Amino acid sequence: MKEIAKAYNSKETEDQIYQKWEQSGFFNPDNLEKASDRFWNAESFSMVMPPPNATGQLHVGHAMMLAIEDLIVRHARMTGKKTLWLPGTDHAAIATQNVVERRILETEKKTRQQLGRAELLRRIDEFVSQTRGQIQTQIRKMGSSADWSREKFTLSPELSLAVRTVFKKLFDAGLIYRGQRMVNWCPRCSTTLADDEVDYKMTKGQMYYIRYPIKDSDEYVVVATARPETMLGDTGVAVHPKDPRYKKMVGKIVMLPLLNREIPIVADEHIDLEFGTGAMKVTPGHDHNDFEIAQRNGLDMIHLYSADGKIDPLEAADHGFDDYAGLTKEEALKRVTQELADKEFIEKTEAIEHRVGYCYRCSTIVEPIVSKQWFVNVNKPFTISKDSFRKLLGLAQKEITLKDMMTAAVESGAIQIVPKRFEKIYFEWMKNLRDWNISRQIWYGHRIPVWYCQDCGEMIVATAAPTACPKCQNGRIVQDEDTLDTWFSSGLWTFSTLGWPSSAAASEGAPNDLATYHPTTIMETGYDILFFWVARMVLMTGFALEDIPFRAVYLHGLVRDTEGKKMSKSKGNVINPLEMIEKYGTDALRLSLVIGITPGNDLKISEEKIKAHRNFVNKLWNVSRFILQQAEAEEIPAESPTLADQWIRERLATVTANVNKKIIGFDYGSAGEELLKFTWGDVADWYLEIAKIEKGKQQFLQDLLRQLLKLWHPFAPFVTEQIWSEFNDSILMVQDYPLAEKPPSKKLSQTAEQFKIIQELITGLRNVRGEYRLNPIPVYASYLQIPEDMAWIANYAELIEKLTRTKLNFEPMDEDKKMPYFLWKGQKVFLIIPNFDAQKEIALTQKQLKDTEAFVKRISAQIKKPGFLKKAPADIVEKMKLDLADAETKAKNLKTKIKQLR
RNA sequence: GGACGGUUAGCUCAGCUGGUUAGAGCGCCUCGUUUACACCGAGGAGGUCACUGGUUCAAAUCCAGUAUCGUCCACCA
């Protein structure tokens, strides 16, 4: 056998191991049958990888996602499921275009308009083709066992077809419409955003109280606003109909300051009597509420800005604010407030904090505007034709709105959300769901599949570009300028990646990926995109396929720094996963991101933690090294198992059962923790030390090693595969995962219990040695007076002596001698030591006595309580009585001990 | 304004389908280089489980409330 390195070297092995896996072809479920017969006709398991942005760098959040998903997938594969993990990347429309635009602006000082649509798209494609490769390499670095042969990109031709197909289907069902609506508009990205793409933050600002004079009178109303520049677009003033202060003003006309525009005072229930002055300026073009008030009261609407984010000259000319044409929002604000102040229209100002919306991509303040956009109608019913889907959702009726369908998918239990508390959040969100704005004014992305005939004005919705107008046969056709929201295509991710729509159209019943792997088994993702993505997948899949996209959603938390803050480059608190891999190895990083996590809770991570897990990886390596070296020793196999053998076997069975149970129950952190405790504590610290004394365990040790490596493989794939290869030609990744033969009994067998008694004795002896600093001197005599039913202890004298470096003596000891002893199973175990300090021993014993007496007091009080014997279950009563008896004996013995020592 | 989550050892976190001396890792103290590992081993110190009340024979665990930190949602100009 070749020499095994003293420490595990991740850098030398990981890339090589990954290549070996990839070349084996077993990432692809179609090849698994070649690995083992157990994959024949096996149940399938599938998961799609949440696609990282094509432009990105792998960050620690991705690393956690990949660690958890690969754990799930490797476990599924090893348990014999035909397992598919489908990787891919997302074109991330706005994010990507922003990155490229910014680069071009920096290096070439050109805007996208100067570059032109075609050229910008060419540049983005070029950029993405590079960065996509980077991301893929980084995903591989994490050890991800994903099927690269099925890798997908949201903007590829096949996926684009899926997008257009769904769009048309929605349109034909009347669920997509185009309309004038108030939408969120980012002046920097010059595009609209979905409601949930706006980040609201409390921001400091000024509240202006402005006097609006009433026509033909000396009176005025004072309105409060945080955005005085919007007054240019005011078309009314609103007050509450029951407000006594303003009741008689309703219907009067106000002269808008600066412009002398005549606008009416209207009454509207929406107005809050308590807020500000109780009178509100109405700017229907730039505020959600104002828009609605204007609709209710028939007020005009004025648009302030043109597409470049500046005051629109045309509108300005129409509505008498030419003076401000071409100004930016900031410039307009400055001008307007200055002029209002000069002309004494400002009654007062006060500092306030209010909620301001920012673009989630570029953090520019979002401006609400009214514009013509495409929407998905979530409140209009459509017909579900598949009975199976209706049954799954527990629906009686055939017609349902998208909103209700999304709710039913979770409410019915068809989709399980882990942890459960997010279901409530999901329902809450559904309740507030409004129509989804799906059009974006950026260039990168799926172009809206709608064409307009230049001649007859016909609108054509199609999955492929039409050559002529179906109505007037003319060829002068232009496509809608807008692109689709990124989440529109991500929403199809579970099925567009499996070949829909072409596979669905293929011959009925023929085996294909969609039929085999859809719905997917688990969706694993962060809770931060529950609405962005998870909900959209439920919507899209429910509508397009009349099915659920996945059976379970596992939501992981966010990775934060040690202070609990979000990691960001500007804060400098970023942990770069690639750097950590370089330093400590992928397995160490993966363990740090998985062990100790709980579903939906954030994880704080530090380099220290990763280092600690690197140490464990090395421990596992050395456990293996020891066992493999033992295998070479020429020894006669032991005839019958010892107490320790029996004990470790039972522990292994229990741990195996628990680990499987926990992984299936989404409790990955706890599974890893249990395995770690077993490996380091039980196997390394106890069992291997014993194996150095009790010989003849080679065969069993190797079996144990095999089980351990298999159990660990989903958590730490590289080191386990590497060790496996030291003594095995097969690939660990496709071996069978250990399963418990029978449910483990909570109670250990009598043999294993005996081993635990020995453990207690050893720990006790070591304890006394520790207290008296006896370590440098190798051997002490201890005296054991053991009762007959414990006579078997004598058979393990050598083991105990070696592990404690003492010499056991079974002769009776003179009890009056002042020497240290500890109590073990009601017996006294003495140690003969040279520097015995009776006072110290008394002090220690007194502390023990105090604790024990406190325990006795508490327990006996509990037992004496009236209802206890009647109401507590019998086994608890019995256990407590036993505990009490033990503690009482112990207290008695401790007292005697103190007396003797004095 | 509503909802959710956290508050447990110096630090990071488990435990929370109630069962009674509360666990782990890191850090700290003492000892030790016994040929798997110093990326190690042995031993140890350290916690009134945020607070207040309640339910119960029994509460870190269940309920109500308070404080505090965090997150999400919501059309208060």
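All values derive from a computational prediction rather than experimental measurement. Note on naming: letters A, B, ... go to the chains in the order of the sequence lines (proteins, then strands), and numbering restarts at 1 for each one.
For B:C37, the base has no donor-acceptor partner in the side chain of A:Arg625 [N/O atoms by modelled type, under 3.5 angstrom]. Under 3.5 Å, the side chain of A:Lys619 and the base of B:C37 form at least one donor-acceptor pair of N or O atoms. Donor-acceptor pairing under 3.5 Å, judged by distance alone, is present between the side chain of A:Lys692 and the base of B:A36.
Using a 4.0 Å heavy-atom cutoff across all strands shown, A:Ile863 reaches no nucleic acid atom at all. When heavy atoms are screened at a 4.0 angstrom cut-off, A:Glu428 is found touching no nucleic acid atom at all. Backbone-only engagement by A:Lys677 is indicated by non-hydrogen atom pairs under 4.0 Å involving sugar-phosphate atoms exclusively. The residue A:Gly278 sits close to a base: some heavy atom pair falls under 4.0 Å.
Projected onto RNA chain B by closest heavy-atom contact, A:Thr277 and A:Asn622 fall at different nucleotides, the more 5' of which corresponds to A:Asn622. For the pair A:Arg766 and A:Glu608, both in contact range of RNA chain B, the more 5′-proximal nearest nucleotide belongs to A:Glu608.
Summarising the base pairing, B:C4 is matched to B:G70 through a Watson-Crick or G-U wobble pair whose two defining distances lie under 3.5 Å. B:C62 and B:G54 make up a base pair, with Watson-Crick or G-U wobble contacts both under 3.5 Å. For B:G46, there is no paired base (Watson-Crick or G-U wobble, both distances below 3.5 Å). Remark: B:G18 base-pairs with no nucleotide; criterion is Watson-Crick or G-U wobble with both hydrogen-bond distances under 3.5 Å. Base-pair partner of B:C11: B:G25 (Watson-Crick or G-U wobble, both distances under 3.5 Å). Both distances falling under 3.5 Å, in either a Watson-Crick or a G-U wobble arrangement, place B:C40 opposite B:G32.
Under the side-chain hydrogen bond (donor to acceptor under 3.5 Å, both in side chains) criterion, A:Tyr668 pairs with no residue, sequence neighbours left out.
Of the P atoms belonging to B:A50 and B:A60, the separation is 10 Å, rounded to the nearest Å. On the P atoms, B:U56 is 16 Å away from B:C63, given to the nearest whole Å. Separation of the P atoms belonging to B:U52 and B:U8 is 16 Å when rounded to the nearest angstrom. Taking atom C1' in both B:A77 and B:C69, one finds a spacing of 31 Å when rounded to whole Å. Comparing B:G5 with B:U17, their P atoms sit 14 Å apart, to the nearest whole Å. B:U71 and B:U30 have their P atoms separated by 42 Å, given to the nearest Å. Going from the C1' atom of B:G47 to that of B:A9 covers 5 Å, rounded to whole Å.
For A:Thr586 and A:Glu14, the side-chain atoms include at least one donor-acceptor pair closer than 3.5 Å. A donor-acceptor pair shorter than 3.5 Å cannot be found between the side chains of A:His270 and A:Glu292.
Closest to the side chain of A:Thr598, out of B:U20, B:A14, B:A58, is B:A14. Nearest to the side chain of A:Lys6, among B:C39, B:A38, B:A77, sits B:A38. Which of B:A36, B:A77, B:C4 sits closest to the side chain of A:Thr225 comes down to B:A77. Comparing B:A77, B:A36, B:C72 by their nearest atom to the side chain of A:Phe531 picks out B:C72. For A:Ile271, counting side-chain heavy atoms from C-beta on, the closest listed nucleotide (B:G25, B:A77, B:A74) is B:A77. Here B:G41 is the nucleotide among B:C37, B:A77, B:G41 with the atom lying nearest to any side-chain atom of A:Asp685. For A:Val623, counting side-chain heavy atoms from C-beta on, the closest listed nucleotide (B:G19, B:U34, B:A36) is B:A36.
For the pair A:Glu350 CD and B:A77 P, the interatomic distance rounds to 12 Å; values are reported in whole Å. Nucleotide B:G32 holds its C1' atom 13 Å from the CD atom of A:Glu689, rounded to whole Å. With rounding to whole Å, A:Ile859 atom CD1 is found 14 Å from B:G19 atom P. The NZ-C1' distance, from A:Lys857 to B:A58, rounds to 18 Å in whole Å. Between A:Lys661 atom NZ and B:U17 atom C1' there is a gap of 12 Å when expressed in whole angstrom units. Rounded to whole Å, the distance from CD on A:Glu292 to P on B:A77 is 15 Å. Rounded to an integer number of Å, the gap from CG of A:Leu676 to C1' of B:A24 is 9 Å. Look at CG on A:Asp602: it is 10 Å from P on B:A14, rounded to the nearest Å.
The phosphate of B:U20 has OP1 or OP2 within less than 4.0 Å of a side-chain N or O from A:Lys879. Between A:Lys281 and B:A77 there is no side-chain N or O to OP1 or OP2 distance below 4.0 Å. Put simply, A:Asn767 has a side-chain N or O that comes within less than 4.0 Å of OP1 or OP2 on B:G44. Contact between the side-chain N/O atoms of A:Trp680 and the OP1/OP2 oxygens of B:G41 is found at a separation under 4.0 Å. Side-chain N/O atoms of A:Thr283 include none lying less than 4.0 angstrom from OP1 or OP2 on B:A77. Taking only side-chain nitrogens and oxygens, A:Arg858 comes nearer than 4.0 Å to OP1 or OP2 of B:U21. Dashed line: the shortest gap from a side-chain N or O of A:Asn615 to OP1 or OP2 of B:C37 is not under 4.0 Å.
Annotation: cation-pi geometry not satisfied between A:Lys431 and A:Tyr426 (NZ/CZ under 6.0 angstrom from ring centroid, within 45° of ring axis).
Side-chain contact between A:Phe715 and A:Arg590 is absent, with no heavy-atom pair separated by less than 4.5 Å. By the 4.5 Å heavy-atom criterion applied to side chains, A:Val623 and A:Trp680 are not counted as neighbours. In this structure, the side chains of A:Ile648 and A:Phe700 come closer than 4.5 Å at one or more pairs of heavy atoms.
Here the CG atom belonging to A:Leu882 is positioned 11.0 Å from the CE atom belonging to A:Met880, to the nearest 0.5 angstrom.
Annotation for A:Lys661: atom NZ does not count as buried by contact number, only 12 or fewer foreign heavy atoms lying within 6.0 Å.
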